[in-house]
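Just so you know, residue 1 is the first one in the sequence shown, and it goes up from there. Atoms within a ligand are numbered from 1 in the order they appear, just like the ligands themselves. Computed from heavy atoms alone, side chains included, the values below leave out hydrogens, waters and symmetry copies.
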Amino acid sequence: MRLDKYLAESGLFSRSEAGRAVRGGRITVAGEVVKNPSVHIAEDAEVCCDGKRVYWTKYQYIMLNKPAGVVSATEDGGRTVMDLLPPACKRLDMFPCGRLDIDTTGLLLITNDGPGAHMWLSPKRHVTKTYRFTCDPALHEEAVEKLESGVGLGDFTSAPAKVNLYPDSLSGEISITEGKFHQIKRMFHGVGSEITSLERITFGPLVLDPALERGQWRYLTEEEIASLRALL
Ligand code: URA
């Protein structure tokens with residue numbers, strides 16, 4: 001592929017910035033300065049910018065610890081999760097893989113892997129998502145049993161969830177394999193309680209990195225990407 005395309009798709013530059021960086025002598029390929037942005041290089045070429053290695057990958061994957069108050073969308077009247085990420089993410093057409101409500105916090109995968117996202121979000125794949133919750137009033141035994149066997153919600157009955165209720169009965173963890181609009185809030189409402197806070201802590205094999213503060217993000221590791229791909 002062209003060198004300027006390689007640099008732009010690595011997320012480092014826009015296409016025109018990439019051209020300028022190349023012409024300015026900042027880019028080496030296999031240790032040699034290359035000043036022609038249209039030169040063709042291999043996908044696994046050793047490319048450096050200012051001496052630092054630049055990696056091209058077909059897709060990018062980011063883990064965001066979503067704060068409350070931002071919308072899980074690429075565009076909206078208000079602040080979206082994309083505003084928390086570097087501008088390159090928009091340039092690379094990255095988008096949130098699924099939606100969390102505006103007041104839900106925690107693990108959100110952001111990627112430009114359309115086929116992957118399609119699979120991971122497919123209801124047929126049953127990818128497990130775990131959420132830490134607080135609720136009011138407290139959940140009693142019978143409510144937990146209902147959540148674990150399926151709650152009738154008018155238009156559908158939820159698939160059995162797994163609930164780990166903490167001793168205060170006002171908080172715990174719930175794992176579901178579906179992702180319908182307001183699903184957990186509706187399930188709790190259906191058993192006589194209301195969610196007062198919700199934080200996603202896993203998405204399939206991904207676990208929310210405790211080192212990420214709310215609003216912080218990092219690239220997925222090779223191992224995390226491989227574990228997601230293994231679901232396909
Ligand atoms: N269930 C909900 O009710 N809200 C979310 O954001 C995620 C799951």
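- Annotation for Arg99: atom CZ does not count as buried by contact number, only 12 or fewer foreign heavy atoms lying within 6.0 Å.
- Around NE2 of His40, the count of heavy atoms belonging to other residues, nucleotides or ligands within 6.0 Å exceeds 12.
- Within 6.0 Å of NZ on Lys5 lie no more than 12 heavy atoms contributed by other residues, nucleotides or ligands.
- The contact set between ligand 1 and Leu100, taken as ligand atoms under 4.0 Å from a residue heavy atom, comprises 6 (O).
- Here the heavy atom of the protein found nearest to atom 1 (N) of ligand 1 is Ile184 N, 3.1 Å.
- For atom 4 (N) of ligand 1, the closest non-hydrogen atom on the protein side is Asp101 OD2, 2.7 Å.
- Short contacts between ligand 1 and His182, defined as distances under 4.0 Å to a heavy atom of the residue, involve ligand atoms 2 (C), 3 (O).
- Ion pairing between Arg20 and Asp4 fails under the 4.0 Å rule for side-chain N and carboxylate O.
- Counting heavy atoms closer than 4.0 Å to ligand 1, residue Leu198 contributes side-chain atoms (C-beta onward) but none from N, CA, C or O.
- A distance-only check finds no donor-acceptor pair linking the side chain of Lys90 to the backbone of Thr74 [under 3.5 Å].
- Heavy atoms of Tyr131 come nearer than 4.0 angstrom to ligand 1 in at least one pair.
- Between Glu173 and Tyr166, the side chains place a donor N or O and an acceptor N or O closer than 3.5 Å (distance only, hydrogens not considered).
- Interface of Lys185 with ligand 1, defined as ligand atoms under 4.0 Å from a residue heavy atom, comprises 3 (O).
- Atoms of ligand 1 found under 4.0 Å from any heavy atom of Thr104 (numbered from 1 in listed order, with element): 4 (N), 5 (C), 6 (O).
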